[in-house]
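Heads up: the structure comes next, in structure tokens.
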Amino acid sequence: MNMVTITSSSETGWRAGWRANDLERLANSGGPSSRQRTSRLFATVLGHDQGTVRCPRVLRVGLDFGKRNPLSVVLELLKQCGFADEREARAAIALPIEACLCRTDLVPQRVPVDTLSPADALYQALILGLSTPWLYDPARPVLWTRASLTRQLELFDGRGFYA
């Protein structure tokens with residue numbers, strides 16, 4: 001079996017007795033900057049419904065408020081649905097009970113709020129208020145900000161990740 005030995009750049013010059021036919025090679029990788037690499041990963045387990053590792057998508061949310069203020073629209077939705085505040089709405093509306101992994105929707109499909117029923121729009125607003133860009137957490141308080149309400153998210157069930 002032939003074996004190639006790579007020696008570090010600290011060994012300068014030719015080794016004594018090195019011949020062109022030898023299998024040993026000297027390698028000089030240069031300074032620390034030349035050993036850095038940048039690689040982009042294009043694979044994900046998110047959205048896999050089958051196999052050993054499963055993280056199926058359970059929900060896609062994203063609202064289009066047009067030129068209207070998202071916070072004003074959501075407060076209007078609360079009134080239209082007969083709720084005094086987000087805590088009351090949260091207690092009455094069936095939301096996912098398990099935490100979910102989130103990511104920004106790669107193929108955003110914002111739905112205009114005016115095309116949804118007030119209950120459906122409020123459901124999505126509650127999901128967005130309980131989510132960060134990385135996690136939907138049903139135990140956290142509902143935080144409605146312009147940033148949270150204008151996110152477009154995909155939610156994934158991460159329970160099958162550590163299969």
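Because the structure is a prediction, the values reported are computed rather than measured.
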**Report entry** Residues in side-chain contact (heavy atoms from CB on, under 4.5 Å) contact with Pro108, at least two apart in sequence or another chain
**Finding:** Gln152
Query raised in the report: Who are the side-chain contact (heavy atoms from CB on, under 4.5 Å) partners of Leu116, not counting sequence neighbours?
Result: Leu63, Val111, Asp120, Ala121, Gln124
Report summary line: Residues pairing under salt bridge (Lys or Arg N to Asp or Glu O under 4.0 Å) where one sits in residues 90-100, two or more places apart or in two chains, turn out to be none
[Y] and [X], any side-chain heavy atoms less than 4.5 Å apart:
X	Y	answer
Thr150	Arg110	yes
Ile93	Phe83	yes
Glu88	Leu78	no
Leu95	Leu130	yes
Glu86	Leu143	no
Trp144	Leu126	yes
Thr104	Leu106	no
Cys100	Phe156	no

If you look at every heavy atom in [X] and [Y], which pair is closest and at what distance?
X	Y	result
Cys102	Leu155	SG-CG, 3.8 Å
Pro96	Pro138	O-CB, 3.7 Å
Ala119	Cys81	N-SG, 3.7 Å
Ala125	Val74	CB-CG2, 4.0 Å

Query raised in the report: More than 12 non-hydrogen atoms from neighbouring residues, nucleotides or ligands closer than 6.0 Å to CD1 on Ile97, yes or no?
Result: no
Query - Spacing of Asn69 atom CG and Glu76 atom CD [to the nearest 0.5 Å] - result: 10.5 Å
Report summary line: Taken to the nearest 0.5 Å, the spacing of Phe65 CZ from Asp114 CG works out to 10.0 Å
Query raised in the report: If two hydrophobic side chains count as joined below 4.5 Å and joins carry through other members, does Leu71 share a cluster with Leu77?
Result: yes
Report task. May I ask you to decide whether Lys79 forms a salt bridge with Asp85, counting only side-chain N to carboxylate O separations under 4.0 Å? Result -> no
Report task. Walk me through it: do Leu101 and Glu154 pass the test side-chain contact (heavy atoms from CB on, under 4.5 Å)? Result -> CA-CA 8 Å; Leu101 301 172; Glu154 292 179 288; over 6 Å; no
Query raised in the report: With distance as the sole test, does Arg151 use its side chain to make a donor-acceptor pair with the main-chain N or O of Asp105 at under 3.5 Å?
Result: no
Query - Worked verdict on Leu59 versus Tyr123 for side-chain contact (heavy atoms from CB on, under 4.5 Å) - result: CA-CA 12 Å; Leu59 190 59; Tyr123 174 83; 4.0 Å; yes
